[in-house]
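Chain naming here is simple, since letters A, B, ... match the order of the sequence lines and numbering starts at 1 in each. Just so it is clear, the model here is predicted, and its values are computed rather than measured.
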Number of protein chains: 2
Amino acid sequence: MHTLAEENYLKAIYKLSLQGNSVSTNQIATALATKASSVTDMMRKLAEKMLINYTRYQGVSLTETGQKVAINIIRKHRLWEYFLVEKLNFKWDEVHEMAEEMEHISSNELIDRLDEFMGHPARDPHGDPIPDSNGNFKKIDLKPIATIAVNEGGVISGVRDHSAVFLQYLEKQQLTIGKHITVKDIIAYDNTVVLQMDNNTLQISREVANNLLITYDKI
Amino acid sequence: MHTLAEENYLKAIYKLSLQGNSVSTNQIATALATKASSVTDMMRKLAEKMLINYTRYQGVSLTETGQKVAINIIRKHRLWEYFLVEKLNFKWDEVHEMAEEMEHISSNELIDRLDEFMGHPARDPHGDPIPDSNGNFKKIDLKPIATIAVNEGGVISGVRDHSAVFLQYLEKQQLTIGKHITVKDIIAYDNTVVLQMDNNTLQISREVANNLLITYDKI
DNA sequence: TAATATTTTTAGACTTGTCTAAAAATATTA
DNA sequence: TAATATTTTTAGACAAGTCTAAAAATATTA
Ligand SMILES: [Mn+2]
Ligand SMILES: [Mn+2]
Ligand SMILES: [Mn+2]
Ligand SMILES: [Mn+2]
């Protein structure tokens with residue numbers, strides 16, 4: 001239906017649309033590690049195919065159709081990641097690159113059966129929600145640990161940085177999805193966050209606290 | 001490592017090498033539904049990369065490396081087909097096209113884990129042997145039903161024609177992998193083969209008998 | 001073996017997706 | 001608001017993979 005390049009552009013535009021309205025050429029170029037001129041070329045192609053709204057110099061947004069395609073790719077990506085972790089025992093820091101390839105396998109029947117085979121998982125290994133076959137999924141309200149106050153807490157539910165180094169670090173600290181943490185202190189000097197988890201105390205840097213997301217406890 | 005096009009050419013050359021020695025440009029063109037001129041172009045590229053032995057006008061053969069690559073693609077194809085049938089409940093006539101895409105997922109670690117997850121299957125859903133991770137597999141001696149004599153028989157173990165129509169026909173006649181058949185008669189007029197299977201008798205055409213393979217009973 | 005037929009290669013063109021360098025438009029700032 | 005900086009687009013080129021048409025090599029057959 002669509003080429004691999006088109007799919008990657010649509011996915012990038014979708015993700016960039018989440019924080020902010022229209023997406024700029026340079027943002028897309030950065031996200032895809034390509035050049036602005038290449039992006040412009042592709043924008044004309046995608047606009048031609050009615051997958052994006054594009055007026056030059058004005059940035060782009062996805063059409064209804066474009067968004068459906070993008071969400072479908074994300075669905076495939078996350079289901080394959082779940083498969084790799086839950087069925088093939090890969091670690092959560094090992095699956096992203098493989099899923100980048102697998103998300104382009106075209107059959108929707110295949111992905112629906114995979115979904116069923118795994119019992120319709122709601123989240124991928126990184127806590128990201130998996131859209132259903134109609135493209136519906138609720139974006140849960142996640143907050144970086146950095147934004148919550150002392151003596152408040154929540155359940156680790158997602159990450160902002162999906163890089164292997166970051167995921168490996170979290171794994172080592174046992175800061176994994178589902179764990180409950182409480183902020184015990186924020187050190188004034190450098191904003192290091194002191195956490196309580198289980199019966200241990202541990203410290204994480206401001207940067208880590210910015211990239212680790214929790215579902216905030218109802219108080 | 002290799003492009004999708006290169007992988008498809010190597011696989012085609014490998015399969016064509018099985019019956020006969022050096023493979024001709026036209027054979028490859030036919031197998032890949034492309035033109036002879038395109039094949040020549042690619043042959044230069046593959047020869048450059050030391051994946052085939054090529055002297056112009058003389059046909060080609062795979063190098064050691066080329067053969068390893070080809071067998072690895074076939075391994076992936078067959079393991080994915082097995083997965084689709086055994087885990088996702090697809091029928092044997094539905095999986096080939098999906099596997100044509102999936103065989104290009106690059107990770108060998110992934111395919112080795114998939115292999116392990118499924119318990120190292122020896123054959124794909126069509127009876128074709130699955131190479132192990134070192135590329136080793138025994139080609140079993142299969143014979144078309146058309147070649148065996150009256151009152152002899154064997155176990156259905158493979159097909160020569162992998163088309164959906166043929167597989168669907170076999171399914172309907174319950175002529176599936178693992179069934180034991182005996183040739184009871186060969187009708188002189190048109191070489192229709194009369195089979196006994198379980199306690200039933202059925203007739204298959206010469207063409208079907210040519211494309212349905214058995215492991216011959218030791219007598 | 002010479003004429004003819006077939007196969008294979010070459011030449012030149014096209015598409016997709018990319019790039020660099022330069023031009024045009026927009027945004028910033030003095 | 002005018003000058004400057006930044007962003008985006010255009011122009012032209014390139015690699016991969018494909019095609020058609022024509023030329024060259026090989027195979028067939030009279
Ligand atoms: Mn991922
Ligand atoms: Mn993920
Ligand atoms: Mn197949
Ligand atoms: Mn098969």
Side-chain angles (χ1 to χ4, degrees), chain A residues 1-14 16-17 19-62 66 69-70 73 100-101 103-106, chain B residues 1-14 16-17 19-62 66 69-70 73 100-101 103-106:
Chain A
M1 196 61 186
H2 307 101
T3 68
L4 188 135
E6 283 171 359
E7 290 189 346
N8 285 336
Y9 273 95
L10 292 171
K11 188 176 58 152
I13 295 168
Y14 176 83
L16 291 167
S17 303
Q19 65 272 68
N21 225 304
S22 102
V23 177
S24 78
T25 301
N26 264 355
Q27 281 180 291
I28 299 167
T30 304
L32 293 175
T34 185
K35 301 294 151 129
S37 56
S38 307
V39 175
T40 301
D41 287 347
M42 184 58 92
M43 293 310 100
R44 286 215 272 92
K45 235 175 288 183
L46 294 176
E48 189 89 15
K49 295 193 175 186
M50 310 281 274
L51 294 165
I52 62 171
N53 307 114
Y54 172 59
T55 28
R56 68 200 210 301
Y57 291 104
Q58 295 317 127
V60 301
S61 63
L62 293 174
V69 174
I73 295 160
E100 285 289 304
E101 290 182 54
E103 71 191 6
H104 302 290
I105 301 296
S106 60
Chain B
M1 195 60 185
H2 307 100
T3 69
L4 187 137
E6 283 171 0
E7 291 189 346
N8 284 335
Y9 274 95
L10 291 172
K11 187 176 59 152
I13 295 167
Y14 176 82
L16 290 167
S17 303
Q19 67 270 71
N21 225 305
S22 102
V23 176
S24 78
T25 301
N26 264 355
Q27 281 180 292
I28 299 168
T30 303
L32 292 175
T34 186
K35 301 295 150 134
S37 56
S38 307
V39 174
T40 301
D41 287 347
M42 183 58 92
M43 293 311 98
R44 285 215 271 93
K45 233 174 289 180
L46 294 176
E48 190 89 15
K49 295 192 175 186
M50 309 282 273
L51 294 163
I52 61 171
N53 307 112
Y54 172 59
T55 28
R56 69 197 208 300
Y57 292 103
Q58 296 316 126
V60 301
S61 63
L62 294 173
V69 175
I73 295 159
E100 285 290 304
E101 290 183 53
E103 71 189 8
H104 302 290
I105 302 296
S106 59

*asked:* Whole angstroms only, please: what is the CE-C1' distance between B:Met43 and C:dT10?
replied: 16 Å
*Counting only Watson-Crick or G-U wobble pairs whose two distances fall under 3.5 Å, which nucleotide matches C:dT15?*
D:dA16
*Looking at A:Arg56, does any N or O in its side chain come under 4.0 Å of the phosphate oxygens OP1/OP2 on D:dT10?*
yes
*Figure out the CG/P separation between B:Asp41 and C:dT8, and round it to whole Å.*
14 Å
*Between A:Tyr9 and C:dT16, does any side-chain N or O lie under 4.0 Å from OP1 or OP2?*
no
_Whole-Å distance separating the CD atom of A:Glu48 from the C1' atom of C:dT16_ = 14 Å
*Once you round it to whole Å, what is the distance between C1' of D:dG17 and CG of A:Leu4?*
16 Å
*C:dA23 phosphate, OP1 or OP2, under 4.0 Å from A:Tyr57 side-chain N/O*: no
*Is the distance from OP1 or OP2 of C:dG17 to the nearest side-chain N or O of A:Thr34 less than 4.0 Å?*
no
*Roughly how far, to the nearest 0.5 Å, is CD1 of B:Ile13 from CG of B:Leu62?*
5.5 Å
*What integer distance in Å separates B:Arg44:CZ from D:dA16:P?*
12 Å
*Spacing between B:Lys49 atom NZ and D:dG17 atom P, to the nearest angstrom*: 7 Å
*Return the value, rounded to whole Å, for the distance between atom NE2 of B:His2 and atom C1' of D:dA16.*
15 Å
*Give, for atom CD of B:Glu7 and atom CD1 of B:Ile73, the distance between the pair rounded to the nearest 0.5 Å.*
4.0 Å
*C:dT9 phosphate, OP1 or OP2: any side-chain N/O from B:Thr40 under 4.0 angstrom?*
yes
_Over all strands shown, is B:Ala5 touching base, sugar-phosphate only, or nothing at heavy-atom distances under 4.0 angstrom?_
sugar-phosphate
*Compare the minimum distances between each of C:dT9, D:dT26, D:dT18 and the side chain of B:Gln58, then state the nucleotide with the smallest one.*
D:dT26
*Within-4.5 Å side-chain heavy-atom neighbours: A:Thr40 and A:Tyr54*: yes
*Name the residue closer to the 5' end of DNA chain C, choosing between B:Ala36 and A:Glu6 according to the nucleotide with the nearest heavy atom.*
B:Ala36
_Let me confirm one number: the CG-OG distance from B:Leu10 to B:Ser17, rounded to the nearest 0.5 Å._
10.0 Å
*Under 4.0 Å between a side-chain N or O of B:Asn26 and OP1 or OP2 of C:dT6?*
no
*Partner of D:dA21 by Watson-Crick or G-U wobble geometry, both contacts under 3.5 Å, or none?*
C:dT10
*Within the pair A:Lys35 and C:dT18, is there a side-chain N or O less than 4.0 Å away from OP1 or OP2?*
no
*Could you tell me whether the phosphate oxygens of D:dT10, OP1 or OP2, come under 4.0 Å of any side-chain nitrogen or oxygen in A:Ser37?*
no
*State, with a plain yes or no, whether a side-chain heavy atom of A:Met1 is found less than 4.5 Å away from one of A:Val69.*
no
_I'd like to check B:Asn8 versus B:His104 (side-chain heavy atoms, cut-off strictly below 4.5 Å). Are they in contact?_
yes
*Base-pairing assignment for D:dT29 (Watson-Crick or G-U wobble, both under 3.5 Å)*: C:dA2
*In whole angstrom, what separates A:Ile28's CD1 from C:dG17's P?*
15 Å
